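Before we start, here is the structure in question, set down as structure tokens.
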Amino acid sequence: MINGSKRLSGDVEVQGAKNSALPIIAAAVLTKGENVFHNCPSLSDVDVALRIIRSLGGKARFSGGALLINCDDIHNDSVPDALTREMRGSVVFLGALLARMGRVVLGLPGGCELGARPIDLHLRALRLMGAEISERGGVLECTADGGLFGADIALSFPSVGATENIILSAVTADGTTTITNAAREPEICDLCDYLNSAGAKIYGAGEGTVVIDGVKSLSAVSHTIIPDRIVAATLMSAAAATGSRITLKGIIPSHLGAVTPVFEEMGCIADCRGTEMRFCAPERLRHTEVVRTMPYPGFPTDAQAPLTAAAAVAKGTSVFVENIFESRYKHIGEMIRLGADIKIQDRVAVINGVKRLYGARVRACDLRGAAALVTAALAAEGESEISGVRYLERGYEDFELTLSSLGADIKKL
Ligand code: EPZ
């Protein structure tokens, strides 16, 4: 429940990155001994990943704010279908388990609210590295009897998940793997930093070409997960939509390189010093000309939904082009219920900013769409009721506590 059009103010510590934690948890499968992860966010998606680790025979528990994972006793090579259905990010266990066990049985992750979400790029790459893969009845069975070997892999699209799966298969493969057109997201660099500190030999993470020299084994280490740039962008959207001034702490400003300029174009000031950002929004936002979502370092698709909520109350018309997912505007229909004036044509959203949104009952149906509805409700006059909060809990740690600590009138029932 949100009672909107209240200014926010104060400081907020930004949580660890969900999309870094998930592949790193899968990567732990490759290590001997006990890993200690700091700054791992407590999210339902992370819980699913830890349940997968335990279902394989590994140990995973939080202790004193750190996440401890020991995979020495992993003996199982199949991931329960219920768990893979619950979270698409589970597909990244494919590469790690195949490398560790030489065989993996994994339910096809299936589509989700954002579209088909195929994994053809993952499977083509694993086959090039020696995997035999059969799909039957929605279940993938992968084997690599002679072990995986290095290969030269060119990705037709810089897929984040495919890049991660290739890296996880290649770190202990026989020989060298080269990925061209690899994804360059900061979460890929964080995964590679962790793997290299565990003994891997990965070069060029964050650039278009990544080279991995296979090593015999990896040993568990401690690692601190990077801050979540999408949560930061979401908090910026909430402050922008409510004409607020907040300070974000524990961020990496360079990870927001394509995001901050859009808010500045809309009239916000983002003063970054070290790992802090003092963010100040104007009384009323100006529109943004056009936002095109692109692979990193372009504007991140995950920040599109929250930003559309800020654009909905800006002065003027903003245009969004969603180039990454084929159906990532599910939240727009609900925003129109709040009074937004938005037209959608395929991948293009045209948003005519309105002076006021008005509270309403709305329904979230995906993670970032839920964040967009919360942002819009914070700006709206009157009370909003948002259902589908479980989507929010997938990626935002105690979001209602964070927002109420900034002065929002928000309750989770
Ligand atoms: C990761 O998803 C993130 N999830 C997504 O965040 C994020 O939106 C996405 O990367 C893009 O940045 C995690 O890291 C757990 P992709 P992923 O493979 O790996 C197509 C969130 O909100 N594609 O880069 O699935 C695909 O359909 C989530 O936190 C193929 O066609 O993204 C999509 O259109 C949502 N074939 C595009 O590429 C493939 O084999 C980008 O997908 C793989 C992908």
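Remember, it's 1-based here, ligands and their atoms both numbered in the order they're listed. Every value quoted in this text rests on a predicted model; they were computed, and no experiment measured them.
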Does a side chain donor of either Thr293 or Gln304 reach within less than 3.5 Å of an acceptor in the other side chain?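 No, Gln304 and Thr293 have no side-chain donor paired with an acceptor closer than 3.5 Å.
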For atom 19 (O) of ligand 1, the option (of Pro300, Ala49, Gly161) bearing the nearest heavy atom: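 Nearest option to atom 19 (O) of ligand 1, by heavy atoms: Gly161.
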Could you see which bit of Ile230 sits under 4.0 Å from ligand 1, with heavy atoms only: side chain, backbone, both or neither?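 No part of Ile230 comes within reach of ligand 1.
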Are any of the heavy atoms in Ala162 under 4.0 Å away from ligand 1?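 No, that is not the case, since the closest heavy atom of the residue is not under 4.0 Å from the ligand.
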More than 12 foreign heavy atoms under 6.0 Å from CD of Glu13: is that the case here?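 Yes.
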Which bit of Glu322 is near ligand 1, meaning a heavy atom under 4.0 Å away: side chain, backbone, both or neither?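 Looking at Glu322 and ligand 1, no heavy atom falls under 4.0 Å.
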With heavy atoms of Lys18 as the reference, note each atom of ligand 1 found under 4.0 Å away.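 Every atom of ligand 1 under 4.0 Å from some heavy atom of Lys18: 21 (C), 29 (O).
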Determine, considering heavy atoms only, which of Val92, Asn19, Val231 sits nearest to atom 13 (C) of ligand 1.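 Looking at heavy atoms only, Asn19 sits closest to atom 13 (C) of ligand 1.
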Selection residues 15-42 - residue pairs positive for ring pair (Phe, Tyr, Trp, His ring centres under 6.0 Å), sequence neighbours left out: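 Listed by first then second residue: Phe37-Tyr194.
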Could you tell me the residue and atom name of the protein heavy atom closest to atom 24 (O) of ligand 1, and the distance to it rounded to 0.1 Å?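 Checking every protein heavy atom, the shortest distance to atom 24 (O) of ligand 1 gives Val160 N, 2.9 Å.
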Shortest non-hydrogen contact between Ser20 and Glu187, atoms and distance: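 Heavy atoms of Ser20 and Glu187 come nearest at N-CG, 3.7 Å.
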Under a 3.5 Å distance rule, please check whether Glu334 uses its side chain to pair with a backbone N or O of Arg363 as donor and acceptor.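 At least one qualifying donor-acceptor pair exists.
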Indicate whether the side chain of Glu322 and that of Thr301 have a donor and an acceptor atom separated by less than 3.5 Å.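 A donor-acceptor contact under 3.5 Å links the two side chains.
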Please walk me through it: do Thr317 and Asn352 pass side chain to side chain donor-acceptor pair (under 3.5 Å)? CA-CA 4 Å; Thr317 299; Asn352 296 316; 2.6 Å; yes
Relative to the heavy atoms of Ile119, which atoms of ligand 1 are at a distance of less than 4.0 Å?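 This gives 39 (C), 40 (O) as the contact atoms.
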Closest non-hydrogen protein atom to atom 34 (O) of ligand 1, residue and atom name please, with distance?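 Of every protein heavy atom, Ile324 O, 2.6 Å lies nearest to atom 34 (O) of ligand 1.
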Can we say Lys59 and Asp73 salt-bridge, meaning some charged N sits less than 4.0 Å from an Asp/Glu carboxylate O?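 The answer is yes: the pair qualifies as a salt bridge.
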What do we get for Asp302 next to ligand 1 when only non-hydrogen atoms under 4.0 Å count, side chain, backbone, both or neither?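 Side chain only.
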Below 4.0 angstrom, N of the basic side chain to O of the carboxylate: do Lys330 and Asp366 qualify?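 Asp366 and Lys330: not salt-bridged.
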Residue portion contacting ligand 1 (non-hydrogen atoms closer than 4.0 Å) for Thr301: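 For Thr301, only side-chain atoms sit under 4.0 Å from ligand 1.
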Verify whether one side chain among Arg229 and Tyr296 offers a donor that lies under 3.5 Å from an acceptor in the other.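 Checked: Arg229/Tyr296 side chains show no N/O donor-acceptor pair below 3.5 Å.
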Is Ser169 reaching over with its side chain to a backbone N or O of Ala99, donor-acceptor style, under 3.5 angstrom?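 Between the backbone of Ala99 and the side chain of Ser169 there is no qualifying donor-acceptor contact (under 3.5 Å).
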Please table the atom pairs, donor to acceptor, closer than 3.5 Å between any side-chain atom in residues 250-269 and protein atoms at least two apart or in another chain.
{"residue": "Thr260", "atom": "OG1", "partner": "Leu256", "partner atom": "O", "Å": "3.3"}
{"residue": "Glu265", "atom": "OE1", "partner": "Thr288", "partner atom": "OG1", "Å": "2.7"}
{"residue": "Glu265", "atom": "OE2", "partner": "Glu289", "partner atom": "N", "Å": "2.7"}

Of all the non-hydrogen atoms in the protein, which one sits nearest to atom 39 (C) of ligand 1, and at what distance?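 Among all protein heavy atoms, the one nearest atom 39 (C) of ligand 1 is Pro118 O, 3.1 Å.
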Examine ligand 1 and decide if any of its atoms is less than 4.0 Å from a heavy atom belonging to Arg88.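 Yes; Arg88 lies near enough to ligand 1 that a heavy-atom distance drops under 4.0 Å.
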Between the side chains of Thr308 and His331, is a donor N or O closer than 3.5 angstrom to an acceptor N or O?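 Yes, a side-chain donor-acceptor pair sits under 3.5 Å.
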Can you figure out which of Phe157, Phe325, Tyr391 has its heavy atom closest to atom 32 (O) of ligand 1?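 That would be Phe325.
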Can you list the atoms of ligand 1 that are under 4.0 Å from a heavy atom of Arg328?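 Matching atoms, with element in brackets: 8 (O), 22 (O), 35 (C).
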Among protein heavy atoms, which sits nearest to atom 40 (O) of ligand 1, and what does the distance come to when rounded to 0.1 Å?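 Of the protein heavy atoms, Leu121 N, 2.7 Å lies nearest.
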Between Leu367 and ligand 1, find which residue part has any heavy-atom pair under 4.0 Å and reply side chain, backbone, both or neither.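 Under 4.0 Å from ligand 1, Leu367 contributes side-chain atoms alone.
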Closest protein heavy atom (residue, atom, distance) for atom 18 (O) of ligand 1: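 The answer is Ser159 OG, 2.7 Å.
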Write out the residue and atom name of the closest protein heavy atom to atom 36 (N) of ligand 1, then the distance separating them to 0.1 Å.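 Protein heavy atom with the smallest distance to atom 36 (N) of ligand 1: Asp120 OD1, 2.8 Å.
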Could you name the option among Glu326, Arg368, Glu187 that has the heavy atom nearest to atom 22 (O) of ligand 1?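 It is Arg368 that holds the nearest heavy atom.
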Nearest neighbour in protein (non-hydrogen) for atom 17 (P) of ligand 1: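 Result: Arg117 NH2, 3.8 Å.
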